[in-house]
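Below is one structure, written out as structure tokens; the observations come after it.
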Amino acid sequence: MVVATRLETANGLSSFLKANVKTDASNSFFFFDFDRTLTNGYEFSENEKRAPIEKRIRGGNETLTTLTELFRHGAHFHIITARSAKTAVLDQLKASLKNSQNELEALFPTDGNGTVEEFHGINLAHVGSIYASGYQKEMAIAHSILHKSNLPEGPIRVFFFDDAVSNCHAVAENLHKLFKTPEEKEILDRIELSVCWWDPFREETEVDGEPTMIAVHSEDTDFSYHDYLGNALKMFGVDEKERSRVESIYKAEEKKYGRKAPSTLVEKPPEAKPLQNLDKKFANLGALFGPRG
């Protein structure tokens, strides 16, 4: 069973969790994108004056308080970044959790040494509760669950949160395909999957007043309202009319403020196609550690 939900506003995550997770969360496994999902997308140097929490953690104190309460009640938290599967990327995230997002550090243990291993033909880097998987985030979820030594009996509640609708669609469509043996299928039968697209539209445009996030450009590969993402958007209740309306708002604000398109080309990624290393698609980005996420 898969439940797809679109979250909106800075309090979207905390409101959803309060409404959908019981006090005892020991059978619940949470997988969060990092950039622009747990974080607010801003970058800070060590020399900068410390920014307020709402600029460092998306949803600010409301998010932090809700996550901390769930963690106290046994929830299992994980980070999955779309950056490349490299131990250097794991070190980047560990550094963020010790500095800009240090309030979250206790919720995402990173004990041990990072490692890279192959899983269903895809490289995954992981340490403690952190994964770097490229765009194959369903791989990281399956790997984490199948390598748990403390899976509960009965239902296993799995929650995935991301600001990119394409990542959410891929997890919803592909996760079940990665449980292949009879033992793995028995686990799959107990999984209740909730996929949550935390849409930043109302936070990074002026529709609700002053934006609280830096907007993704409408020509960026991470923009969720491209016309070719129609199937993914429909899963979360967004039809073509709404998609076009939202896209036009982004374009109007880009024109108003003179925002330039990124230098990368927009490429149409295959929707929800498993077992393909999409890092190769984005080699033209030229970034040392691959895509953000």
What distance separates Leu38 CG from Gln101 CD, expressed to the nearest 0.5 Å? 8.5 Å
On a heavy-atom basis, which atom in Thr110 and which in Val127 lie closest, and how many Å separate them? O-CG2, 3.7 Å
If only atom types and distance count, is the side chain of Ser224 paired as donor or acceptor with the main-chain N or O of Val165 below 3.5 Å? yes
Identify the two heavy atoms, one from Thr66 and one from Ser14, that lie closest to each other, and give their separation to 0.1 Å. OG1-CB, 3.3 Å
Before accepting this row, confirm whether a basic side-chain N of the pair Glu254/Lys251 lies closer than 4.0 Å to the acidic partner's carboxylate O. no
Under 4.0 Å between a Lys/Arg side-chain N and an Asp/Glu carboxylate O for Lys256 and Glu253? no
Run the numbers on Lys180 and His120 for side-chain contact (heavy atoms from CB on, under 4.5 Å), then give the verdict. CA-CA 11 Å; Lys180 299 181 179 297; His120 289 299; 3.5 Å; yes
Quick check: closest heavy atoms across Thr39 and Asp35, and the distance to 0.1 Å? OG1-CA, 3.5 Å
Shared hydrophobic cluster, Val2 / Phe179 (ILVMFWY, side-chain heavy atoms < 4.5 Å): yes
So Glu138 and Glu173, do their side chains get closer than 4.5 Å, heavy atoms only? no
Does Leu64 reach the side chain of Leu104, with side-chain heavy atoms less than 4.5 Å apart? yes
Anything under 30° is parallel, anything over 60° is perpendicular, the rest tilted; go ahead and classify Phe31 against His78. parallel
Going by atom types alone, do Glu204 and Tyr250 pair a side-chain donor with an acceptor below 3.5 Å? yes
Cluster question for you: counting only ILVMFWY and a side-chain heavy-atom cut-off of under 4.5 Å, with indirect links fine, are Tyr228 and Val246 together? yes
Heavy-atom closest pair (Asp220 atom, His226 atom, distance to 0.1 Å) is O-NE2, 2.7 Å
Main chain of Gly134, side chain of Lys137: is a donor-acceptor contact present, judged purely on distance under 3.5 Å? no
Begin from the C-alpha positions of Arg56 and Asn102 and carry the test side-chain contact (heavy atoms from CB on, under 4.5 Å) through to its verdict. CA-CA 10 Å; Arg56 297 180 289 105; Asn102 67 298; 4.2 Å; yes
If you count heavy atoms of other groups shown closer than 6.0 angstrom to CD of Glu186, is the number above 12? yes
Check whether Asn27 reaches the backbone of Arg157 with its side chain - one donor and one acceptor, N or O, closer than 3.5 Å. no
Nearest 0.5 Å please: distance from the CG atom of Leu188 over to the OG1 atom of Thr181. 10.5 Å
Main-chain N/O of Ile53 paired to Asn61 side chain as donor or acceptor, under 3.5 Å: no
Would you say that Ile141 contacts Leu193 through its side chain, given a criterion of any heavy-atom pair below 4.5 Å between the two side chains? no
side-chain contact (heavy atoms from CB on, under 4.5 Å) between Asp199 and Tyr225: does it pass, once the steps are laid out? CA-CA 10 Å; Asp199 182 6; Tyr225 286 90; 2.4 Å; yes
Closest contact, heavy atoms only, Phe223 versus Ser218: CD2-O, 3.5 Å
Is His217 close to Lys260 at the side-chain level, that is, under 4.5 Å between some pair of heavy atoms? no
Is a side-chain N or O of Ser100 found less than 3.5 angstrom from the main chain of Ser96, in a donor-acceptor match? no
How long is the span from the OG atom in Ser133 to the CD1 atom in Ile80, to the nearest 0.5 Å? 6.0 Å
Does Leu124 belong to the same Ile/Leu/Val/Met/Phe/Trp/Tyr cluster as Ile145, with side-chain heavy atoms less than 4.5 Å apart forming each link? yes
Side chains of Phe159 and Val21 in contact at under 4.5 Å (non-hydrogen atoms): yes
Atom pair CG (Leu70) and NZ (Lys18), whose distance is rounded to the nearest 0.5 Å: 10.0 Å
Classify the ring geometry between Phe30 and Phe161 as parallel (under 30°), tilted (30 to 60°) or perpendicular (over 60°). parallel
If I take atom CD from residue Glu192 and atom OG from residue Ser28, how far apart are they, to the nearest 0.5 angstrom? 9.0 Å
Show, in sequence, the C-alpha distance, side-chain angles and deciding distance for Met139 and Leu178, and conclude whether the side-chain contact (heavy atoms from CB on, under 4.5 Å) test is met. CA-CA 7 Å; Met139 296 285 185; Leu178 302 175; 3.8 Å; yes
Heavy atoms, side chains only, cut-off 4.5 Å: are Leu93 and Arg83 in contact? yes
Does Glu242 reach the main-chain N or O of Val238 with its side chain, forming a donor-acceptor pair under 3.5 Å? no
Using a 4.5 Å cut-off on heavy atoms from C-beta on, say whether the side chain of Met235 contacts that of Val195. no
Can you tell me which residue among Phe77, Phe34, Phe71 is in a side chain to side chain contact (heavy atoms under 4.5 Å, CB included) with Phe108? Phe77
So, Thr37 side chain and Asp163 main chain: donor-acceptor pair closer than 3.5 Å or not? yes
What I'd like to find out is whether the side chain of Asn167 reaches to under 4.5 Å of the side chain of Asp33, using heavy atoms alone. no
Using the rule that two of Ile, Leu, Val, Met, Phe, Trp, Tyr join whenever any of their side-chain heavy atoms come within less than 4.5 Å, decide whether Tyr131 and Val116 are in one cluster. no
Can a donor-acceptor pair be found, under 3.5 Å and without considering hydrogens, that links the side chain of Arg6 to the backbone of Trp197? no
Closest contact, heavy atoms only, Thr63 versus Arg58: OG1-O, 2.7 Å
Is Ser248 reaching over with its side chain to a backbone N or O of Arg245, donor-acceptor style, under 3.5 angstrom? yes
So with a 6.0 Å cut-off around NZ of Lys148, is the heavy-atom count from everything else above 12? yes
Flag the pair Arg36 and Glu203 as a salt bridge only when some basic side-chain nitrogen lies within less than 4.0 angstrom of an acidic carboxylate oxygen. no
Which distance, rounded to the nearest 0.5 Å, do you find between the OG1 of Thr9 and the CZ of Phe201? 12.5 Å
